Amino acid sequence: MEKEAPHLLEKREKKERREGLPELKNASKGKVVLRFAPNPNGPLSFGHARGIVINGKYAQEWDGELILRFDDTDTVVKPPLPMAYDQIPEEAEWLLGFKPHRIVIASDRIPHYYTYAERMLQRNFGYVCQCSGEAFKEFRVSKTECPCRNNDVDANLELWSKMLDGTFVPGDAVVRVKTSMQLKNPALRDWPALRIQNTSEHPHPRKEVGSKYRVWPLLDFQSAVEDHLQGVTHIIRGKDLMDSTRKQTLLYEHFGWDYPETMYWGRVKVHEWGGFSTSQMRRDIESGLFSGWDDLRLPTLTGLRSRGITAEALRNFWIELGVTQKDISVPLATLFSHNIKSIDDDAPRLSFLRNPTKLSLKGQHPQSISVDVHPNHASMGERKFDLAKGEIWVEANDMKNDEIRLKGFANVSLKGREAYLGSIERDDRRPIIHWLSESNAVDAELLLAEDGEIRTIQGKIENHTYPPGTMVQIERIGYAKVIDSTTLVFTHD
RNA sequence: GCUCGUAUAGUGUAGUGGCCCAUCAUGAAGGACUCUCAUUCCUUCGACCCGGGUUCAAAUCCCGGUACGAGCACCA
């Protein structure tokens with residue numbers, strides 16, 4: 001047996017747990033093109049981060065390209081926000097650590113979409129439909145073909161020109177892709193590809209586009225054509241777009257193109273946030289409910305960033321969730337644990353006192369004492385507390401015990417507002433508290449997003465010179481982000 | 001209603017017919033270290049939706065059920 005079938009004797013290797021993202025099908029090094037296509041109707045949100053991280057990670061792993069595409073083809077329902085065109089690329093770069101390789105703006109590419117729409121009409125796999133939405137809905141449900149379906153090519157071209165020249169107004173006509181009205185899935189039956197928008201009343205917010213076009217492609221058509229034009233090889237997106245894939249595949253068959261490989265992820269909810277939409281956030285900001293897109297309470301990328309969540313934490317978080325099609329609900333604690341891993345090593349320790357109470361030191365004490373900036377990294381230096389005045393601050397809450405230890409300093413016995421110095425050595429298990437010397441304490445505020453509100457906690461902070469944006473750990477409280485020398489934003493425990 | 005999809009510990013996740021009385025993370029509990037309620041480390045807890053079938057063998061394949069989600073927009 002050893003000679004004839006040695007493989008049967010070999011102990012099979014223990015399967016190893018797959019690390020990172022699942023294998024990309026049909027991929028070859030250097031030839032992968034992916035895209036992330038948000039509607040620029042606001043800055044990026046937490047959910048968008050998944051699209052950027054996953055697509056970006058694959059692009060990186062396969063030495064390919066990531067396209068950032070603005071799907072800004074709606075000027076009425078979800079009109080784009082001009083600032084988003086600048087902000088999104090910056091946010092994407094912050095999150096990825098590299099710039100997207102290409103940026104495509106759909107509203108710049110309308111002529112291309114017209115070209116393919118005309119080709120579709122000429123080859124007779126598309127038609128101009130003058131039925132109302134209601135009327136077509138009935139055809140769709142009853143699997144019957146609408147009369148417009150039998151227009152000949154010339155008639156369609158004639159109607160198409162009326163769409164373009166303004167003879168038709170929104171609702172008068174749309175261009176449909178001929179699939180089949182017999183398709184099992186109603187969503188796929190002769191789906192709409194282009195429609196008319198009233199761009200005099202609702203101009204496109206980009207000045208260079210404005211009211212230039214009346215006819216605009218719908219997502220499925222625009223995206224399908226653009227993916228082909230850009231040579232996209234893999235589409236990874238939410239599973240709510242599964243039927244989109246099926247619609248687009250039918251269009252690709254008409255054109256004789258090959259559809260990219262696809263992967264989908266399910267819906268993600270965050271326990272603590274529930275649902276939110278870009279449009280709703282936009283209204284709430286405009287009405288003054290939130291201070292801006294970077295409001296600490298908002299699940300936008302910029303909001304999370306201002307709260308102190310790092311790009312690295314976000315990346316690791318989304319990669320850990322992977323690309324499963326399950327609909328999931330994650331607790332913020334998961335994101336926070338990634339964030340702690342990302343910041344703790346570099347976070348200087350700082351004291352912040354809530355309800356500060358002043359005590360006077362009684363007994364012999366040194367003029368100053370020094371403690372580490374970071375307990376695990378002596379290289380980060382020391383901070384020095386000046387004790388010449390013999391006055392210190394502690395949190396009122398910590399005065400419940402009379403016998404306490406001032407961290408890094410000495411044991412004290414409390415008698416009212418007087419603290420009698422005891423052993424310098426730690427010789428018992430009394431509670432250890434954080435404290436500040438009077439001369440090193442500055443009035444300060446700790447901002448905290450909680451239950452949809454921003455609470456301000458007044459207190460005393462240890463004087464420091466860390467630049468804005470520095471992530472610090474406030475001892476016994478949690479991690480925070482430095483706004484200025486006397487303001488902190490609480491990140492998480 | 002029609003169509004599509006998903007179902008593994010509290011929460012995520014690995015697993016594509018035998019390595020699985022099921023991986024890893026997070027969480028919870030306990031402990032070690034530590035002059036922070038931090039970090040790090042250790043231990044423990046805890047799961048294959050239900051019912052059939054195929055097979056020598058099923059978390060893995062098939063059928064049915066159930067639950068949840070999505071699409072059926074002249075939104076993206």
Side-chain angles (χ1 to χ4, degrees), chain A residues 11-19 22 37-41 70-80 106 129 131-133 136-137 140-141 143 170-176 183-189 191-197 215-216 218-220 222-223 237-247 264 266-269 271 277-279 316-317 320-322 324-331 333-338 340-341 343-345 347 349 351 371-372 374-377 405-411 424-426 430-434 473-479 493:
Chain A
K11 213 178 167 188
R12 264 216 265 174
E13 257 180 65
K14 170 100 179 155
K15 251 180 218 160
E16 290 203 359
R17 184 187 156 81
R18 201 200 77 230
E19 292 277 337
N39 177 353
N41 63 338
F70 294 110
D71 280 353
D72 57 347
T73 55
D74 178 87
T75 68
V76 182
V77 185
K78 293 179 179 170
C129 174
C131 302
S132 69
F136 194 84
K137 187 174 182 177
R140 180 169 48 233
V141 173
K143 295 188 175 180
D172 285 350
V174 297
V175 176
R176 294 186 180 283
L183 256 18
K184 265 174 59 180
N185 188 341
L188 314 184
R189 297 172 195 157
W191 54 273
L194 302 99
R195 77 341 194 151
I196 304 166
Q197 296 191 100
V215 177
W216 285 80
L218 288 152
L219 172 82
D220 291 313
Q222 179 271 129
S223 179
R237 57 182 168 190
K239 68 172 183 179
D240 50 312
L241 264 10
M242 266 178 166
D243 282 346
S244 224
T245 294
R246 298 181 184 107
K247 289 186 212 176
Y264 309 93
R267 221 175 66 147
V268 176
K269 274 201 294 193
H271 289 338
S277 77
T278 302
S279 316
N316 292 338
F317 173 86
E320 184 174 67
L321 294 197
T324 64
Q325 290 186 28
K326 254 202 283 190
D327 297 313
I328 56 174
S329 180
V330 258
T334 305
L335 175 62
F336 292 165
S337 82
H338 283 290
I340 291 171
K341 286 188 179 71
I343 61 180
D344 183 76
D345 257 350
R349 270 47 178 173
S351 281
V371 295
D372 286 338
H374 194 300
N376 306 339
H377 303 292
R405 179 166 180 82
L406 302 176
K407 185 168 182 284
F409 179 23
N411 291 347
I424 293 294
E425 295 307 312
R426 186 183 178 199
R430 64 179 64 200
I432 296 165
I433 68 161
H434 63 298
Q473 193 212 60
I474 37 184
E475 294 191 89
R476 300 209 298 145
I477 297 175
Y479 297 88
D493 293 329

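Numbers restart at 1 for each chain; the letters A, B, ... are given by sequence-line order, proteins then strands. Keep in mind it's a predicted model, so treat the numbers as computed, not measured.
For the OP1/OP2 pair of B/G69 and a distance below 4.0 Å, the side-chain nitrogens and oxygens of A/K239 include no atom meeting the criterion. For the OP1/OP2 pair of B/G15 and a distance below 4.0 Å, the side-chain nitrogens and oxygens of A/R18 include at least one atom meeting the criterion. When the side-chain nitrogen and oxygen atoms of A/T324 are compared with OP1 and OP2 of B/U13, one or more of them lie within a distance under 4.0 Å.
Comparing the C1' positions of B/U44 and B/A38 gives a spacing of 23 Å, expressed to the nearest Å. For the C1' atoms, the distance linking B/C48 with B/C61 amounts to 16 Å, nearest Å. If you take atom C1' in B/U8 and the same atom in B/U13, they sit 9 Å apart, rounded to whole Å. The same atom, C1', is picked in B/G12 and in B/G46; the two are 14 Å apart, to the nearest Å. The C1' atoms of B/G53 and B/G69 are separated by 28 Å, rounded to the nearest whole Å. Annotation: B/C4 and B/C62 have their P atoms spaced 15 Å apart (nearest Å). Taking atom P in both B/A28 and B/U39, one finds a spacing of 11 Å when rounded to whole Å. Straight-line distance between the C1' atoms of B/A9 and B/G5: roughly 24 Å, to the nearest whole Å.
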As a check on the pairing definition, encode RNA chain B in dot-bracket form, counting Watson-Crick and G-U wobble pairs whose two distances are under 3.5 Å, and using | for partners outside this strand.
(((((((..(((.....[.....)))((((((.......))))))...(((((..]....))))))))))))....

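Two residues are said to be in side-chain contact when any heavy atoms from C-beta on lie closer than 4.5 Å; A/V371 and A/F409 fail this criterion. Inter-residue side-chain proximity for A/S351 and A/K407 is flagged as unmet; no heavy-atom pair is nearer than 4.5 Å. With a 4.5 Å cut-off on side-chain heavy atoms, A/D493 and A/F336 do not count as touching. Counting only heavy atoms from C-beta outward, the side chains of A/I433 and A/R476 approach each other to under 4.5 Å.
The separation between A/M242 atom CE and B/G5 atom C1' is 5 Å, rounded to whole Å. Between A/L194 atom CG and B/C75 atom P the separation is 11 Å, expressed in whole Å. In this entry the distance linking CZ of A/R267 with C1' of B/G12 reads 17 Å, nearest Å. For the pair A/W191 CH2 and B/C72 P, the interatomic distance rounds to 13 Å; values are reported in whole Å. Atom P of nucleotide B/G69 and atom CZ of A/R237 are separated by 22 Å, given to the nearest angstrom. The separation between A/Q222 atom CD and B/C75 atom P is 13 Å, rounded to whole Å. The interatomic distance linking A/R246 (CZ) with B/G71 (P) rounds to 13 Å, in whole Å. We find that CG of A/L219 is positioned 12 Å from P of B/G71, with the value rounded to whole Å.
A/G322 comes within 4.0 angstrom of no nucleic acid atom, judged by non-hydrogen atoms across all strands. As judged by a 4.0 angstrom heavy-atom cut-off over every strand, A/T73 is placed among residues touching the sugar-phosphate backbone only. Using a 4.0 Å heavy-atom cutoff across all strands shown, A/S223 reaches no nucleic acid atom at all.
Comparing B/A76, B/A25, B/C74 by their closest approach to the side chain of A/P192 singles out B/C74. Out of B/G69, B/C75, B/U13, the shortest distance to the side chain of A/K326 is found at B/U13. Taking only side-chain atoms of A/P186, from C-beta outward, the nucleotide of B/U3, B/A76, B/U26 with the closest atom is B/U3.
Annotation for A/P80 and A/D74: closest pair CD-O, 3.3 Å, computed over non-hydrogen atoms.
Distance check: A/L219 CG to A/K247 NZ gives 8.0 Å after rounding to the nearest 0.5 Å.
In this structure, the side chain of A/R176 does not engage the main chain of A/L194 through any donor-acceptor pair within 3.5 Å. Under a 3.5 Å cut-off, the side chain of A/Q197 and the backbone N or O of A/T75 do form a donor-acceptor pair. Side chain of A/R189 to main chain of A/L183: a donor-acceptor pair is present (N/O by atom type, distance under 3.5 Å, no hydrogens or angles).
Along RNA chain B, the nucleotide closest to A/D71 and the one closest to A/A333 are compared, and the more 5′ of them pairs with A/A333. Nucleotides of RNA chain B nearest to A/R195 and A/S337 differ in position, and the one nearer the 5' end is that of A/S337.
Here A/D243 pairs with A/N185, A/R246 under the side chain to side chain donor-acceptor pair (under 3.5 Å) rule; sequence neighbours left out.
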Do A/Q222 and A/D71 pass the side chain to side chain contact (heavy atoms under 4.5 Å, CB included) test, and can you show the C-alpha distance, the side-chain angles, and the key distance before you say yes or no?
CA-CA 8 Å; A/Q222 179 271 129; A/D71 280 353; 3.1 Å; yes

Can you give one letter per nucleotide of nucleotides 32-40 of chain B, going 5' to 3': B for a protein heavy atom under 4.0 Å from the base, S for sugar-phosphate only, - for none?
---BBBBB-

